[in-house]
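Before any comments, here is the structure.
Below, chain A is the first sequence line, B the second, and so on; all start at residue 1.
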Amino acid sequence: MNNTNAPSFWRPGTTAPGSTLDRVSANEESPIDPSIYSVHSQTRSTQSRDELSRQRKQLPVYKYRQHLLYAMEKFRTIIVVGETGCGKTTQLPQYLAEVGWSGQGKMIACTQPRRVAATSVALRVAEEVGCRIGGKVGYSVRFDNAEGATTQIKYMTDGMLVRETLMDPLLQRYSTIMVDEAHERGLYTDVLLGLLRKIMKKRSDLRVIVSSATLDAEAFAEFFETNDDLTAPENNTATILSVEGRMHHVDIHYRRFPVPNYMQACADSVMQIHSKEGAGDVLVFLTGQDEVDQVVDMLSDRASSVSDARLRLLPMPLYASLPSEMQMRVFQPVARGCRKVVIATNIAETSVTIPNIVFVVDSGFAKIRAYNPVSGLEALVVTPVSKASAKQRAGRAGRVKPGKAYRLYTLEDYKSLEDQNVPEIQRSNLGQVVLQLKALGIQNIVRFDYLSPPPPDSLIRSMDLLHSLGAITDEGELSEPLGERMVECPLEPKLAKILLMSGEMGCSEEILTIVAMLQVQNIFVSPTNKRREADNHRRLFTALEGDHLSLLNAYTTFHKNKQSSGFCQTYFLNRRSLLRATEIRKQLLKFLRRFNIPICSTSDTEIIRRCITGGFFANCARLSGDGTYKSLRNGQTMAIHPSSVLYDESPPPWVVYHEVILTKQEYMKEVTVIDPEWLLEAAPHFYEYSRLVRNPKG
DNA sequence: GAGCACTGC
């Protein structure tokens with residue numbers, strides 16, 4: 001396997017970055033033992049606040065409400081910095097509405113990177129304001145919105161606002177747009193910031209507020225500064241305003257020496273906290289499900305062997321694919337005399353807040369998705385976290401009272417970490433984003449105002465893909481009607497293409513289902529202790545034609561059984577995911593109706609597979625003599641992922657796949673058997689000169 | 001016979 005393109009990374013069990021094994025101390029002792037840990041503190045930082053005020057030569061930070069209004073009058077963009085999760089920034093739209101900034105019939109928008117945040121903040125603010133939701137305060141997220149003619153403050157996901165620009169390119173409905181949690185640098189946050197910068201050139205009345213962590217503030221302010229004359233700062237159009245946080249003090253404990261195995265060290269640290277520290281629950285950060293399960297096992301073993309402890313130790317796992325009943329356990333308070341230890345993946349860093357955490361143990365690693373824009377290969381790699389992530393993790397200990405964070409790496413290693421996470425826009429497949437920018441009439445997507453430009457290869461690759469699908473013309477414009485319709489569908493381009501083709505192919509009912517099912521994860525659950533049973537039940541849905549048709553089987557069987565939870569339990573299906581797929585399917589059906597695409601059904605699986613090939617012709621692989629698959633595009637060696645129904649079967653000579661991901665090797669996921677003749681039919685322009693296809697017997 | 005961090009429209 002040639003891994004030269006993959007980023008270098010550390011594997012579980014190895015040491016933290018920059019560390020040397022020979023310095024490891026032989027005996028682990030108490031975490032509070034100063035020979036093992038050095039202690040620092042993380043608390044609200046008056047120093048950095050003063051520094052900021054000095055740098056920008058304005059606004060002291062107290063009386064921030066008055067200053068906010070002053071800044072709204074004088075500046076066009078305000079960067080609000082403050083500790084995340086302190087709740088102050090989300091109240092800001094409310095202040096503005098009170099003094100009439102939502103006047104002239106225009107709304108104040110406040111974007112969030114996640115659905116739950118948008119809806120829950122909206123509900124809280126509506127309660128504070130004393131209105132019903134959908135009145136003065138509303139929200140808008142996919143599948144759910146509550147807004148009306150009187151709505152003045154609208155909480156929404158950033159993706160939703162990007163989508164609104166397709167209908168209303170200058171966002172004329174809004175007087176002020178606040179982008180919350182911008183430091184997370186999500187894909188749609190970055191796209192939105194770029195669009196807002198463009199819109200501000202045409203709308204001098206628009207105010208933009210960006211809420212971020214302290215470290216990024218200058219970069220955001222510079223990005224939004226429209227005064228080119230930097231020698232005349234009195235004409236600045238962007239400013240920074242700092243908000244006092246209300247987080248508790250967190251002591252940070254660094255290891256004096258690197259740890260040889262961080263899973264073992266996590267378990268050791270938890271046991272030491274348990275025996276030496278006072279009351280308070282513990283949160284441990286690891287990289288993946290396997291590691292979480294292993295550490296939970298280690299702790300369960302050890303907890304049962306400790307007899308003299310004052311508190312009982314209750315380890316519990318937390319990761320996204322955990323069944324929801326199990327997830328709920330971590331939010332419930334434990335009985336007196338018990339200490340909860342939540343062993344979690346990155347899900348607990350931002351997405352989910354667990355109450356009562358006083359101690360945090362941070363492995364220093366996370367699993368992140370990387371994208372190689374040249375090969376198009378995605379990879380899941382374990383990498384050291386950034387300083388920003390480490391701070392965020394530590395901060396989880398300071399929400400209820402002063403807490404402690406144990407970092408399983410040295411202070412030197414901490415200093416060597418990157419400041420920030422790599423923005424998602426620089427490590428993602430940009431097919432959908434490029435399509436949307438094209439729809440907004442942006443001719444040169446390479447020169448678009450990005451806060452952090454994506455790799456040019458990534459943009460070029462996306463353009464190539466869109467061109468090969470027929471979504472953009474030879475001149476680089478959105479095609480009509482295909483491209484215009486594709487951008488409407490909330491789907492990646494390949495899936496949008498097959499959905500839009502499915503009507504004329506005679507299989508839109510089936511493609512609707514398949515596309516919806518591909519949008520959700522973990523349809524099939526396999527609990528560690530009942531794996532074989534789960535596998536056997538799963539076979540009932542297996543179609544020999546491959547995973548796409550097996551997904552179709554699972555969905556239709558679920559609905560034949562009236563979406564019953566008993567059925568799901570018996571057959572190890574994830575009901576939550578299936579219901580979400582049902583909702584997505586319903587939404588996609590509306591688009592087909594709007595475009596007058598025939599809604600039709602077939603029982604001929606060949607028609608369905610031909611249709612899939614019509615969008616996934618570039619994702620084709622051929623079985624080679626040694627039993628591996630070779631990608632048709634570049635000869636890359638790949639294997640069928642063990643989660644595929646085709647994994648156990650005799651390998652078919654030709655397949656198309658939904659995606660390929662590098663973990664231990666390059667794996668194709670969601671694989672369907674095809675006839676190579678269909679490739680020529682689907683994309684003659686793509687395969688015209690391919691000898692491989694013209695000579696399939698090789 | 002092997003595995004999958006997390007969002008969003």
Side-chain angles (χ1 to χ4, degrees), chain A residues 9 12 111-118 140-145 156-167 181 184-192 285-293 318-322 344-352 363 365-370 378-383 385 389 392 421 423-425 427-428 431-433 435-436 439 486-493 495-496 516 519-526 528 531-532 534-535 580 583-584 587-588 590-591 639-644 646-649 659-665 667 669-670:
Chain A
F9 58 93
T111 72
Q112 298 288 331
R114 283 168 289 278
R115 289 162 48 94
V116 271
S140 173
V141 299
R142 188 181 188 183
F143 304 129
D144 191 10
N145 73 4
M156 62 208 301
T157 45
D158 42 26
M160 205 69 183
L161 192 56
V162 169
R163 196 144 278 268
E164 277 193 18
T165 60
L166 294 172
M167 311 295 295
E181 313 282 6
E184 285 184 22
R185 305 298 303 275
L187 181 57
Y188 284 98
T189 307
D190 271 26
V191 173
L192 181 61
F285 285 101
L286 286 166
T287 71
Q289 181 180 335
D290 271 359
E291 286 178 24
V292 168
D293 286 338
L318 179 66
Y319 41 80
S321 63
L322 201 67
T345 62
N346 245 2
I347 192 171
E349 192 180 302
T350 48
S351 309
V352 149
S363 65
F365 291 94
K367 200 175 278 185
I368 64 153
R369 201 179 189 104
E378 294 189 271
L380 281 166
V381 290
V382 173
T383 33
V385 297
S389 265
Q392 175 75 15
N421 296 333
E424 210 183 343
I425 200 168
R427 53 184 173 89
S428 302
Q432 251 184 293
V433 167
L435 190 62
Q436 282 182 334
M486 277 172 68
V487 75
E488 296 277 315
C489 298
L491 292 170
E492 57 159 296
L495 290 176
Q519 304 300 297
V520 295
Q521 289 102 44
N522 311 313
I523 291 286
F524 302 100
V525 288
S526 77
T528 338
R531 194 165 296 170
R532 184 166 298 173
D535 280 358
R580 186 171 158 81
E583 256 194 305
I584 293 172
Q587 191 193 30
L588 296 175
K590 278 189 207 156
F591 286 107
I640 292 177
H641 193 277
S643 67
S644 168
L646 295 177
Y647 185 82
D648 294 319
E649 307 296 329
E659 62 176 353
V660 54
I661 191 146
L662 170 71
T663 49
K664 281 188 177 163
Q665 56 175 308
Y667 280 116
K669 296 179 70 179
E670 267 71 57

Nearest atoms (heavy-atom pairs only) where [X] meets [Y]:
X        : Y        : answer
A/Arg115 : A/Phe143 : NH1-CD1, 3.9 Å
A/Gln665 : A/Ala639 : OE1-CB, 3.6 Å
A/Arg142 : A/Ile584 : NH2-CG2, 4.0 Å

Just to be sure I understand the rule, does [X] reach a base, reach only the sugar-phosphate, or reach nothing, if contact means heavy atoms closer than 4.0 Å?
X        : result
A/Ala320 : sugar-phosphate
A/Asn522 : base
A/Gly288 : sugar-phosphate
A/Arg114 : sugar-phosphate
A/Thr157 : sugar-phosphate

Take the protein atom [atom1] of [X] and the nucleotide atom [atom2] of [N], then report the distance between them rounded to whole Å.
X        : N     : atom1 : atom2 : answer
A/Asp158 : B/dC6 : CG    : C1'   : 14 Å
A/Glu424 : B/dA5 : CD    : P     : 16 Å
A/Phe143 : B/dC9 : CZ    : C1'   : 8 Å
A/Leu662 : B/dA2 : CG    : C1'   : 15 Å
A/Tyr667 : B/dG3 : OH    : C1'   : 8 Å
A/Glu184 : B/dT7 : CD    : P     : 11 Å
A/Lys664 : B/dG3 : NZ    : P     : 4 Å
A/Lys669 : B/dG3 : NZ    : C1'   : 9 Å

Under a 4.0 Å threshold between the charged nitrogen and the carboxylate oxygen, would A/Lys669 count as salt-bridged to A/Glu378?
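Not counted as a salt bridge, because no side-chain N and carboxylate O are separated by less than 4.0 Å.
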
Does a side chain donor of either A/Ser389 or A/Glu349 reach within less than 3.5 Å of an acceptor in the other side chain?
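A pair is found: one side chain offers a donor N or O, the other an acceptor, under 3.5 Å apart.
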
Presence of donor-acceptor pair under 3.5 Å, side chain of A/Gln436 and base of B/dC9:
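No such pair is found, so the answer is no.
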
Ignoring hydrogens and geometry beyond distance, is the side chain of A/Gln432 in donor-acceptor contact with the base of B/dG8 at under 3.5 Å?
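A donor-acceptor contact between them is present.
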
Taking the nucleotide of DNA chain B with the nearest heavy atom to each, does A/Cys489 or A/Arg427 sit closer to the 5' end?
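Counting from the 5' end, the first nearest nucleotide belongs to A/Arg427.
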
Closest-nucleotide mapping onto DNA chain B: is A/Val141 or A/Pro642 further toward the 5' terminus? I mean the 5' end.
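Its nearest nucleotide lies further toward 5', so the answer is A/Pro642.
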
Under 4.0 angstrom between A/His641 side-chain N/O and B/dC4 OP1 or OP2
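Answer yes for this pair, as a side-chain N or O of A/His641 is under 4.0 Å from OP1 or OP2.
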
Using only side-chain N and O atoms of A/Thr345, determine if any of them is under 4.0 Å from OP1 or OP2 of B/dC6.
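Answer is yes, contact under 4.0 Å.
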
With heavy-atom distances below 4.5 Å as the criterion, would you say the side chains of A/Gln436 and A/Arg163 are in contact?
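A side-chain contact exists here, since the closest heavy-atom pair is under 4.5 Å.
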
Output the single nucleotide from B/dG1, B/dA5, B/dC9 whose closest atom is nearest the side chain of A/Arg163.
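That would be B/dC9.
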
Which nucleotide in the list B/dG1, B/dC9, B/dT7 gets nearest to the side chain of A/Arg115?
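So the side chain of A/Arg115 is nearest to B/dC9.
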
